[in-house]
Every structure is written in C-alpha cells, then in structure tokens.
Amino acid sequence: MAQGHTITIEQGERHVRVVHGEQVLAETDRALVLRETGCPVRYYIPPEDVRLDLLTPSDTHTHCPFKGTASYWSLPDAPDLVWAYPDPKPDVAPIKDHLCFYEVEVGEVDVS
C-alpha cells in the first residue's frame, strides 16, 4: 500500500440487497465489507448470491494499483453496473470473484 492508503476487509454482519428497477440482482448475509482510504464502503457479494443469469460480461476492465484488474458486467439499461477482481492482489485476496455493485441496500440481518 502507498503511505497513508489502507484497505481493510471484514466479514459483514448486515443484510445486503441489490435492486435495479424492480429486479433483485443480489441478496446476501455473507457480504465482505471493504473499506479503502478515500473511497465509499463497498460490499463484495459471493457469486452464489448474485443473479449472474441477468448480467452480461462487459469488455470493460480497469486497473487499481491496490486491488488489481477488475472485470465488469452490465444489464441492458445499466452498463458496467457490477465488477469483480478475478485475480486480486495478495493483500485483498478475500474479494476474489466476489461481485460489487455501485448501489446497494444495507440493513440489519434478520435473525428470526
């Protein structure tokens, strides 16, 4: 990491839900919470909890010097809505293949 730049990853304890329009794209109680200097909190969701059948791989790839190269997926009306790091840098290895969306709903986990 660069001096003053930190990334932490922890197991989330809250319910995370991703909705686009009226379609639920993901829902989980197993999201990883990534906190990075200068960035909003991000929730990385296991692929088993994402409606991958609704997403189309994009040609977009971006590179983060701290996390590695990200691949993106889209909906017909929402390009590059979600991304993942298929081969992340060692410091962030837990997020491998987990998917992250720009907008998520975060609430308390229902334990009933």
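Computation of the quantities below employed the complete heavy-atom set of this structure, encompassing side-chain atoms and omitting hydrogens, waters and symmetry-equivalent molecules. If you read the sequence from its start, that first residue is 1, and numbering goes on from there.
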Can we say Asp87 and Lys96 salt-bridge, meaning some charged N sits less than 4.0 Å from an Asp/Glu carboxylate O? no
Does a salt bridge link Arg51 with Glu27, judged by any charged N lying under 4.0 Å from a carboxylate O? no
Could you give me the CA-CA distance, side-chain angles and deciding distance for His20 and Asp77, then say whether side-chain contact (heavy atoms from CB on, under 4.5 Å) is met? CA-CA 10 Å; His20 179 77; Asp77 64 341; 3.1 Å; yes
When you compare the side chain of Pro88 with that of Lys67, does any pair of heavy atoms fall below 4.5 Å?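 Not in contact.
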Is there side-chain contact between His98 and Ile45, with heavy atoms separated by less than 4.5 Å?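 No, too far: nothing below the 4.5 Å cut-off.
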Distance check, rounded to the nearest 0.5 Å: [X] atom [atom1] versus [Y] atom [atom2]?
{"X": "Trp73", "Y": "Leu81", "atom1": "CH2", "atom2": "CG", "value": "11.5 Å"}
{"X": "Ile9", "Y": "Ile7", "atom1": "CD1", "atom2": "CD1", "value": "7.0 Å"}
{"X": "Tyr102", "Y": "Asp80", "atom1": "OH", "atom2": "CG", "value": "7.0 Å"}
{"X": "Trp83", "Y": "Ile95", "atom1": "CH2", "atom2": "CD1", "value": "10.0 Å"}
{"X": "Asp29", "Y": "Asp49", "atom1": "CG", "atom2": "CG", "value": "8.5 Å"}

Of all heavy-atom pairs between [X] and [Y], which one has the smallest distance, and what is that distance?
{"X": "Ala26", "Y": "Phe101", "value": "CB-CE1, 4.1 Å"}
{"X": "Leu52", "Y": "Pro47", "value": "CD1-O, 4.0 Å"}
{"X": "Pro86", "Y": "Asp97", "value": "CA-OD1, 3.4 Å"}
{"X": "Ser74", "Y": "Ser58", "value": "OG-CB, 3.9 Å"}
{"X": "Leu54", "Y": "Leu25", "value": "CD1-CD2, 3.8 Å"}
{"X": "Pro46", "Y": "Arg30", "value": "CB-NH2, 3.6 Å"}

Would you check, one step at a time, whether the test side-chain contact (heavy atoms from CB on, under 4.5 Å) holds for Leu34 with Val41? CA-CA 6 Å; Leu34 185 140; Val41 172; over 6 Å; no
Please lay out, stage by stage, how Leu55 and Val82 fare under the test side-chain contact (heavy atoms from CB on, under 4.5 Å). CA-CA 9 Å; Leu55 301 169; Val82 59; 3.8 Å; yes
Does the side chain of [X] come under 3.5 Å of the side chain of [Y] through a donor N or O and an acceptor N or O?
{"X": "His63", "Y": "Thr69", "answer": "yes"}
{"X": "Thr28", "Y": "Tyr43", "answer": "no"}
{"X": "Thr6", "Y": "Thr37", "answer": "yes"}

Check the pair Tyr44, Cys100 against side-chain contact (heavy atoms from CB on, under 4.5 Å), reporting the backbone distance first and the verdict last. CA-CA 5 Å; Tyr44 282 80; Cys100 188; 3.5 Å; yes
Show your working on ring pair (Phe, Tyr, Trp, His ring centres under 6.0 Å) between His5 and Phe66 and close with a plain yes or no. CA-CA 9 Å; His5 188 96; Phe66 307 108; 3.7 Å; yes
